[in-house]
*Asks:* 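Could you have a look at this structure, given as structure tokens, before my questions?
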Protein chains: 2
Amino acid sequence: MSSATTPYHHGDLKNALIEAAVTLIEEEGVDAVSVRAVAKRVGVSPGAPFRHFESRTALLTAVAEVAMARLAQAIDQALAQAGGQSALTQYMALGRAFLDWAFANPTHFRVISSRALIDFDGSGLAAANHRIRDRMRALLQQALDDGEIRNVTVDDAMLATRALAYGLARMYVDGQMQSWDVEPAQGLQMAHRLLDEQVMRLA
Amino acid sequence: MSSATTPYHHGDLKNALIEAAVTLIEEEGVDAVSVRAVAKRVGVSPGAPFRHFESRTALLTAVAEVAMARLAQAIDQALAQAGGQSALTQYMALGRAFLDWAFANPTHFRVISSRALIDFDGSGLAAANHRIRDRMRALLQQALDDGEIRNVTVDDAMLATRALAYGLARMYVDGQMQSWDVEPAQGLQMAHRLLDEQVMRLA
DNA sequence: ACCTGAACACCGTTCAAGT
DNA sequence: ACCTGAACACCGTTCAAGT
């Protein structure tokens with residue numbers, strides 16, 4: 001356990017691996033996150049991670065849980081700041097928080113969005129997503145009750161805004177903005193505007 | 001050149017490789033498309049494809065061009081059928097053709113949408129996308145001139161509908177429909193409805 | 001001109017052996 | 001209980017050698 005020597009037993013390899021993977025993913029993208037590269041970064045043999053994660057998918061799922069927690073926190077924060085304002089305003093704040101986070105963390109966004117890279121349903125991810133969805137639904141229901149929106153069902157409105165927000169975020173992370181005449185640097189601002197406009201057209 | 005023996009020179013290896021990759025991608029997804037697997041399927045050595053494609057990316061780009069041509073054809077057909085109807089109706093038909101194609105060809109859709117797997121700008125893909133975009137713009141301009149839509153710029157309307165359509169299609173191919181309370185089997189119908197509604201709210 | 005087959009540096013994953 | 005290191009079956013890519 002001395003700090004100078006590297007002990008045979010790492011101590012907290014599991015968390016060290018997750019941390020290394022989170023960093024590697026931010027720096028070099030998902031493709032760079034091989035089990036071997038993560039092991040090397042932590043200073044451990046190629047097979048060692050498999051004592052803690054049964055597969056690369058399981059490791060990436062752990063990374064996705066960290067990413068999702070950060071997204072949830074960003075949304076919580078935005079909603080706390082919008083507290084006291086109208087339900088529809090809070091709903092737009094939630095949408096903007098989602099866009100901000102996705103544009104700022106493209107690779108993490110990509111990881112939590114995929115179903116091929118991670119085990120979404122067999123992890124805490126589905127539940128975390130559920131909580132966000134429930135918040136959206138509650139705000140929309142409130143907006144409907146308050147007469148802020150009309151001529152839509154809560155479910156339709158929710159799916160329409162979520163699909164638009166997801167589409168805008170993905171167009172950005174997939175590098176498609178330029179193909180549609182939007183400068184990538186203006187992407188976020190544009191996404192904010194289009195989402196706001198769509199929500200306001202529900203009125 | 002006899003049909004019974006396999007000659008040393010394939011003859012049309014390039015096209016055979018593209019064809020095999022297109023099929024493999026439909027049957028087993030993008031990840032299954034390794035250069036080696038495609039070579040094996042065509043009955044050729046692992047290094048042979050590199051005589052015709054400088055990298056896996058180049059091979060996938062060729063596949064993407066086939067896929068994009070099919071999408072363009074589907075759109076052409078839909079517009080031909082909607083000929084004579086109002087500009088906004090034609091615009092919706094184009095959107096539905098995009099959704100139909102993406103839902104029916106999830107893996108091809110994924111390939112043409114990515115910028116990591118293929119070389120979008122250094123191929124015919126950018127130009128093909130350009131043509132679709134120009135069609136959309138022209139129809140929206142016409143709808144605006146005819147008073148079918150109001151209170152929007154052509155560019156905003158185009159990006160909003162494209163982002164919504166892309167978001168809906170991606171939610172489907174990324175397996176996210178269920179996480180948002182939509183049965184995958186109902187996804188396409190739902191996507192149609194939400195896109196139609198969004199376009200009609202531009203009126 | 002085009003293809004083979006060995007080679008190199010990578011993967012994910014497994015597992016006996018070491019500590 | 002946890003990690004090493006060799007091994008296996010894969011990759012993409014290169015290149016001398018064969019046809």
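Residue numbering restarts at 1 for every chain, and letters A, B, ... go by the order of the sequence lines. Side chains included, hydrogens not; waters and symmetry mates left out as well; all remaining heavy atoms used.
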*Asks:* Output, in order, the C-alpha distance, side-chain angles, deciding distance and verdict of side-chain hydrogen bond (donor to acceptor under 3.5 Å, both in side chains) for A:Ser179 and B:Arg115.
*Replies:* CA-CA 11 Å; A:Ser179 306; B:Arg115 295 292 181 278; 3.2 Å; yes
*Asks:* For residues B:Tyr166 and B:Arg162, is any side-chain donor paired with an opposing acceptor at under 3.5 Å?
*Replies:* no
*Asks:* For DNA chain C, which residues in residues 46-64 of chain A have a heavy atom at a distance below 4.0 Å?
*Replies:* A:Pro46, A:Gly47, A:Phe50, A:Ser55, A:Arg56
*Asks:* Expressed in angstrom and rounded to an integer, what is the separation of A:Leu13 atom CG from D:dC2 atom C1'?
*Replies:* 9 Å
*Asks:* If pairing requires Watson-Crick or G-U wobble contacts with both distances under 3.5 Å, which nucleotide is the partner of D:dC10?
*Replies:* none
*Asks:* For the side chain of A:Gln90 and the backbone of A:Gln85, is there at least one donor-acceptor N/O pair under 3.5 Å apart?
*Replies:* yes
*Asks:* Can you tell me if A:Asp145 and A:Gln141 form a side-chain donor-acceptor pair at under 3.5 Å?
*Replies:* yes
*Asks:* Examine the side chains of A:Ser86 and A:Glu148 and answer whether a donor and an acceptor come within less than 3.5 Å of each other.
*Replies:* yes
*Asks:* Any idea how A:Phe109 and A:Phe98 line up, ring-wise: parallel (<30°), tilted (30 to 60°), or perpendicular (>60°)?
*Replies:* perpendicular
*Asks:* Can you find a heavy atom in the side chain of B:Phe103 that is under 4.5 Å from one in the side chain of B:His192?
*Replies:* no
*Asks:* Going by purine N1 to pyrimidine N3 plus the second Watson-Crick contact, or the G-U wobble pair, all under 3.5 Å, which nucleotide sits opposite D:dT4?
*Replies:* C:dA16
*Asks:* To the nearest Å, how far apart are A:Leu17 CG and C:dG12 P?
*Replies:* 13 Å
*Asks:* For DNA chain C, find the residues of residues 32-44 of chain A with a heavy-atom distance under 4.0 Å and give them by number; none if there aren't any.
*Replies:* A:Ser34, A:Val35, A:Arg36
*Asks:* Can you measure A:Leu117 atom CG to C:dC11 atom P for me and round it to whole angstrom units?
*Replies:* 16 Å
*Asks:* Side chain of B:Thr61, backbone of B:Asp119: donor and acceptor closer than 3.5 Å?
*Replies:* yes
